Engineer: 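Supplied in structure tokens, the structure appears directly below.
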Amino acid sequence: MKRSFRILLSVLSGVLLSLAWLGFPGWTLFIAFLPLLYLDNFFTERKSEFRSVSFWSHAFLAFFIWNILTTWWIVHATAEGAIMANVTNSFLMSLTFWLAHIARRNFKSNLGYIALVVFWISFEYFHFHWDIEWPWLTLGNGFANNVKMVQWYEYTGYLGGTLWILVLNILIFKLGLNWFQKKPVRKSVYLLSAFVVLLIVPVTFSYIKYFSYVETENPKNIVIVQPNIDPYSEKYDAQAENGKLEKFLNLASSKIDNETDFIIGPETLFENPGFWNEDELSTNSQLMQLSGFLQSYPNAEMVFGVSSYKIYPDKKNAPPTARTRDNMTYDMFNTAIFLGNNGQTQIYHKSILVVGVEKMPFAKYLGFMGDFVINIGGTTNSLGRQEEPSNFIPKDKIEIAPVICYESVFGEFVTKYVQKGAQMIFIITNDGWWKNTPGYHQHLSFARLRAIETRRSIARSANTGISCFINQRGDVLQATDWWVEAAIKGTINANDKITFYVKFGDYIARISLLMSILMILQLLSVWVMRKKGQVK
């Protein structure tokens, strides 16, 4: 096989992997790995001629194309961040596939493919839990706009989709290889049967579930406000912040009535943290105006986002993220505020922070570089964070999960709110940084999967769009247009039932991690024995 053809196959895999994030159907992922699997097989069969690193270079090219085509829009916020995200993610993906290729060189065929599946799932799980989280391209996310196909995510979560994609790719490849090598039909019967079952059964079950699912009636009337504040030209002085308040209240007034239960504003509706000292909220002038507005609507309560700060008595009692200025030690937060009709407030600090924007990764070791953290959110250094998610408790005691922006990409994380009693999810976000690109569409689509996994209705307020309601089947309702001022009014149902996925979380990943460890130990033992000349 000529090198130029091998490169073409790498490019083809990269393009196919990108399609589901660019608006094409998720089933395109069922064939996306075929060119890479063909290359893997080529280099495995010729392992005496090529070193394994030859395959790695092809895998890196494929994954780099995938990353570039789907997440290039990060460049609008930061060129440095875009380069870091795309190169790092491509490297980690190719490293995972390369390790699976090494397993294929040393294990029997089927065991080698099992290694590919468990290594990849382990990698995706790892990408949700280390200090440079970037799970945007988790394979299971590829069905976010095809929710009728994946209603079974309430049992498996997004990693069930990853498992499905990998297994079907391998089955299709092995069937094609058997046909290409003109092997007897009987050798393909089991493969074909497995492929048909694994394709038809989940899809059939999902469609039946989708059309038969009925939400329990427990309605809450909600007004969502989309103020459409341009984050690139936004001002932060008192006049500007009061202007944002006036706009927010005017938009809310256009939809609110005496039946409204909640008004939702977006992430960082008020951006200047200097006005939001958490120890002095009772005297905050903007909060008092919002509270006064609610007095005219006896049922209404409010959720919105601010940039806030908290002062500590001294460095000794402050967390590592705290900073010192003018002899004052304090933390800054990306905060969701709940404002009750009685004027009382509840606070949630964003737990999962965006690398390079809101936090310095590995701060324990790289804290000295804090001043170089990319400033696109109005702050430098790392923000403070809340270790565990917590719910807002309104007057009717039906708890709300306040999910801020990036947190909505993390499936198992969102289940923690539900485990603690959340019956509805409010997502507040500001997607204006990405401008009119696929980025904000992708971010919205991931929320649909959270609705299915938890069977919780979602109200989503996005500063520049898309704001919407999402029902418990993952359907998007009353979606606003991009980059317009808007307010929408709708009803969502609270739900207190717990899904299998909420109860057990990413069990697929934990099984994969165990199997990965065992396979890596097996690879190491083979390597040691080869060094001793006990195996060829």
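Along the sequence shown, the residues carry numbers beginning at 1. In this text, all values refer to a predicted model and were calculated from it rather than measured experimentally.
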Engineer: Identify the heavy atoms of Thr138 and Glu124 that sit nearest to each other, and give their distance.
Structural biologist: CG2-OE1, 3.2 Å

Engineer: Is Glu133 paired with Lys359 through a side-chain N to carboxylate O contact shorter than 4.0 Å?
Structural biologist: yes

Engineer: Within the 4.5 Å heavy-atom criterion, are Phe128 and Phe413 side-chain neighbours or not?
Structural biologist: no

Engineer: So that I know where these two stand, are Tyr507 and Phe500 an aromatic pair - ring centroids less than 6.0 Å apart?
Structural biologist: yes

Engineer: I want to check something: taking the side chain as every heavy atom from C-beta on, are Glu412 and His129 in contact at a cut-off of under 4.5 Å?
Structural biologist: yes

Engineer: Using side-chain contact (heavy atoms from CB on, under 4.5 Å), reason through Asn86 and Trp72 one step at a time and then give a plain yes or no.
Structural biologist: CA-CA 8 Å; Asn86 287 302; Trp72 61 269; 5.7 Å; no

Engineer: Please verify the inter-ring angle class for Phe293 with Tyr297; under 30° counts as parallel, over 60° as perpendicular, anything in between as tilted.
Structural biologist: tilted

Engineer: How many angstroms lie between atom CG of Leu69 and atom CG of Leu17, to the nearest 0.5 angstrom?
Structural biologist: 10.0 Å

Engineer: Do the ring planes of Phe63 and Phe97 sit parallel (below 30°), tilted (30 to 60°) or perpendicular (above 60°)?
Structural biologist: tilted

Engineer: Decide yes or no on side-chain contact (heavy atoms from CB on, under 4.5 Å) for Phe123 and Met93, but give the supporting numbers first.
Structural biologist: CA-CA 8 Å; Phe123 152 72; Met93 288 176 166; 3.7 Å; yes

Engineer: Looking only at heavy atoms, which two atoms of Ala318 and Ala322 are closest? And how far apart?
Structural biologist: CB-CB, 3.6 Å

Engineer: Could you tell me whether Glu246 and Lys244 make a salt bridge, using a distance below 4.0 angstrom between a side-chain N and a carboxylate O?
Structural biologist: no

Engineer: Taking the six-membered ring for Trp, are Trp483 and Tyr232 closer than 6.0 Å centroid to centroid?
Structural biologist: no

Engineer: Output yes when Lys247 and Glu485 qualify as a salt bridge under the 4.0 Å nitrogen-oxygen rule, no when they do not.
Structural biologist: yes

Engineer: Report yes or no: do Thr268 and Glu271 form a side-chain donor-acceptor pair below 3.5 Å?
Structural biologist: yes

Engineer: Minimum heavy-atom separation for Asp237 to Ala240, with atom names?
Structural biologist: OD1-N, 2.8 Å

Engineer: One pair to check against side chain to side chain donor-acceptor pair (under 3.5 Å): Asn141 and Tyr158. What are the steps and the verdict?
Structural biologist: CA-CA 6 Å; Asn141 288 344; Tyr158 58 96; over 6 Å; no

Engineer: Verify the ring-centre separation between Trp434 and Trp136: is it less than 6.0 angstrom?
Structural biologist: no

Engineer: Step through it carefully: locate the ring centre of Phe262, locate the ring centre of Phe426, and say whether they are under 6.0 Å apart.
Structural biologist: yes

Engineer: Do the side-chain N and O atoms of Asn89 and His127 include a donor-acceptor pair separated by under 3.5 angstrom?
Structural biologist: yes

Engineer: Using distance alone, with no hydrogens and no angle criterion, decide if Ser94 and Trp56 have a side-chain donor and acceptor under 3.5 Å apart.
Structural biologist: yes

Engineer: Return the minimal non-hydrogen interatomic distance between Ala336 and Ile428, and the atom names on each side.
Structural biologist: CB-CD1, 3.8 Å

Engineer: Heavy atoms only: give me the nearest Gly142-Ala20 pair and the separation to one decimal.
Structural biologist: O-CB, 3.5 Å

Engineer: Compute whether any side-chain donor of one residue and acceptor of the other, for Gln472 and Asn493, lie under 3.5 angstrom apart.
Structural biologist: no

Engineer: Side-chain donor-acceptor pair under 3.5 Å between Glu278 and Ser308, yes or no?
Structural biologist: yes

Engineer: Do Thr491 and Asn221 have side-chain N/O donor and acceptor atoms under 3.5 Å apart?
Structural biologist: yes

Engineer: Just wondering, do Thr499 and Tyr153 contact through their side chains at under 4.5 Å, heavy atoms?
Structural biologist: no

Engineer: Which pair of non-hydrogen atoms, one from Pro227 and one from Leu269, has the smallest distance, and what is that distance?
Structural biologist: CG-CD1, 3.9 Å

Engineer: Donor-acceptor pair, Asp506 side chain versus Ala509 backbone, under 3.5 Å?
Structural biologist: no

Engineer: Check whether any side-chain heavy atom of Ile224 lies under 4.5 Å from a side-chain heavy atom of Phe469, and answer yes or no.
Structural biologist: yes

